[in-house]
Amino acid sequence: MEYFLLAILVAGFLYYVYIQTAFHNRLRRKGISRASQNAELIKVLLDLEDEPLDDLFKLYKEQFGENAAQYARHTYRKWKAEEVRPNRQTFSRFLLYLPKVMSFDLKCEVLRELREAYCAKDNYKLTVHTDDWKETLDPLVRSIISKANDAELPQALQERLRWLAGDDMQVAREILARSQTRQSLDALSLLNEEFSNIDRLLDNAKGSGKVTHILRLPLGTITLKIKRR
């Protein structure tokens, strides 16, 4: 088990380095223009949940007027679908200017979306048995939580969005880390009931079956192949 966890940590570190390098190279690659980079960031921003997205558009209206807000609301689905590319002014308004006047709660939601889009994710496949899944799964989940809490947005992105370096964003990162830790631990605890149902299902299969279950965490997934002994 110790060697298994060590291998996980080493693989995670190498993947983190790969993501940082790949993002930096993607920003520099000739085939991807600054306009394409802007469009990608706008797409991530507009993937907010309904309530914070509505708050974002209300703030956009307050700052830039009714006509600009109507155009943004009318066009944002096309931006997300990449049917229309947002111009430089749109990028500047959404990701350079609005963060200066956003509420703290809205900034937290924007930070969540950026981290989910750009921080390295862990994806594992694991075989467990119904009688030992906790012992096998618990240290892996806690390892993922620890790495997620330490994860940083790519340096190239932080250099473009300098407001991410503000003191309030440091507080936001700490709050978000606690929230995602709780979310991950809650997901793990909910497996107790899931495994009771799975155990009964496999019992009816008289030991000849197996079940696949995906545990989704804020910065990764674990695909479980579940068997009985």
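The chain is numbered in sequence order, starting from 1.
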Note: R115 and A148 closest approach over all heavy atoms is NH2-O, 2.7 Å

Distance-only polar pair, side chains of N87 and T90, donor-acceptor under 3.5 Å: yes

Between S36 and R85, a side-chain donor and acceptor under 3.5 Å: yes

Does a side-chain heavy-atom distance below 4.5 Å link W79 with L46? yes

All salt bridge (Lys or Arg N to Asp or Glu O under 4.0 Å) counterparts of R178, not counting sequence neighbours: none

Do L191 and L215 pass the side chain to side chain contact (heavy atoms under 4.5 Å, CB included) test, and can you show the C-alpha distance, the side-chain angles, and the key distance before you say yes or no? CA-CA 9 Å; L191 282 180; L215 179 62; 4.1 Å; yes

Once you round to the nearest 0.5 Å, how far does CG of D186 lie from CG of L217? 11.5 Å

Roughly how far apart are E51 CD and L56 CG, rounded to 0.5 Å? 13.0 Å

Give a yes or no on this: more than 12 heavy atoms of other residues, nucleotides or ligands lie within 6.0 Å of atom CZ of R73. yes

Answer yes or no: is there a donor N or O on one side and an acceptor on the other, between the side chain of S179 and the main chain of I175, under 3.5 Å? no

Please check: side-chain N/O of S184 versus main-chain N/O of Q180, any donor-acceptor pairing under 3.5 Å? yes

Measuring only between side-chain heavy atoms, which start at C-beta, is V110 closer than 4.5 Å to V44? no

Positive for salt bridge (charged side-chain N to carboxylate O under 4.0 Å, His left out) with K107, one of D55, D167, D168: D168

Begin from the C-alpha positions of K225 and V128 and carry the test side chain to side chain contact (heavy atoms under 4.5 Å, CB included) through to its verdict. CA-CA 6 Å; K225 303 290 186 180; V128 297; over 6 Å; no

Would you give the length of the straight line joining atom OH of Y118 to atom CG of L157, rounded to the nearest 0.5 angstrom? 6.5 Å

Y60 and F94 aromatic ring geometry - parallel, tilted or perpendicular at 30°/60° bounds: parallel

Can you check side chain to side chain contact (heavy atoms under 4.5 Å, CB included) on W133 and T127, steps first, answer last? CA-CA 9 Å; W133 66 271; T127 298; over 6 Å; no

So does E83 have more than 12 non-hydrogen atoms from other groups sitting under 6.0 Å from CD? yes

Just by modelled atom types, is the L153 backbone N or O under 3.5 Å from a matching donor or acceptor in the Q158 side chain? yes

Side-chain heavy atoms of D138 within contact of K134, under 4.5 Å: no

Taking atom CG of N38 and atom CZ of R88, what is their separation to the nearest 0.5 Å? 8.0 Å

Test: E40 and K43 ion pair at under 4.0 Å: no

Are any non-hydrogen side-chain atoms of I226 and T212 less than 4.5 angstrom apart? no

Closer than 3.5 angstrom, by distance alone: can the side chain of R182 be matched with the main-chain N or O of A177 as a donor-acceptor pair? no

Do H74 and Q70 touch side chain to side chain, with heavy atoms closer than 4.5 Å? no

Same cluster or not: L224 versus L219, using hydrophobic residues (I, L, V, M, F, W, Y) connected whenever any side-chain heavy atoms lie under 4.5 Å apart? no

Hey, any chance F64 and V101 share a hydrophobic cluster, counting ILVMFWY side chains that come within less than 4.5 Å of each other, even indirectly? yes

With no hydrogens and no angle check, is any side-chain donor or acceptor of D150 less than 3.5 Å from a backbone partner on K147? no

Evaluate the criterion side chain to side chain contact (heavy atoms under 4.5 Å, CB included) for residue pair K80 and D47; output intermediate values, then yes/no. CA-CA 8 Å; K80 285 185 65 176; D47 204 32; 3.4 Å; yes

Are L190 and L126 linked, directly or through other ILVMFWY residues, by side chains that come within less than 4.5 angstrom of each other? no

Taking L53 as the starting point, is it possible to reach F104 by hopping between hydrophobic residues whose side chains are less than 4.5 Å apart? no

The reported gap from OG1 in T221 to NZ in K125 (rounded to nearest 0.5 angstrom) is 9.5 Å

Would you say W163's side chain and L95's backbone share a donor-acceptor pair under 3.5 angstrom? yes

Is a side-chain N or O of S103 found less than 3.5 angstrom from the main chain of L106, in a donor-acceptor match? yes

Same cluster or not: are F57 and L96 linked, directly or through other Ile, Leu, Val, Met, Phe, Trp or Tyr residues, by side-chain heavy atoms under 4.5 angstrom apart? yes

Over 12 non-hydrogen atoms of neighbours within 6.0 angstrom of CG in D50: no

Do Q37 and R160 make a side-chain contact, defined as non-hydrogen atoms from C-beta onward lying under 4.5 Å apart? yes

Test side-chain hydrogen bond (donor to acceptor under 3.5 Å, both in side chains) on R173 and Q170 and set out the steps. CA-CA 5 Å; R173 280 191 288 273; Q170 178 60 40; 3.1 Å; yes

Looking only at side-chain N and O atoms, does T181 offer a donor or acceptor that is under 3.5 Å from a partner on N149? yes

What is the distance from atom CZ of R216 to atom CG of N123, rounded to the nearest 0.5 Å? 9.5 Å

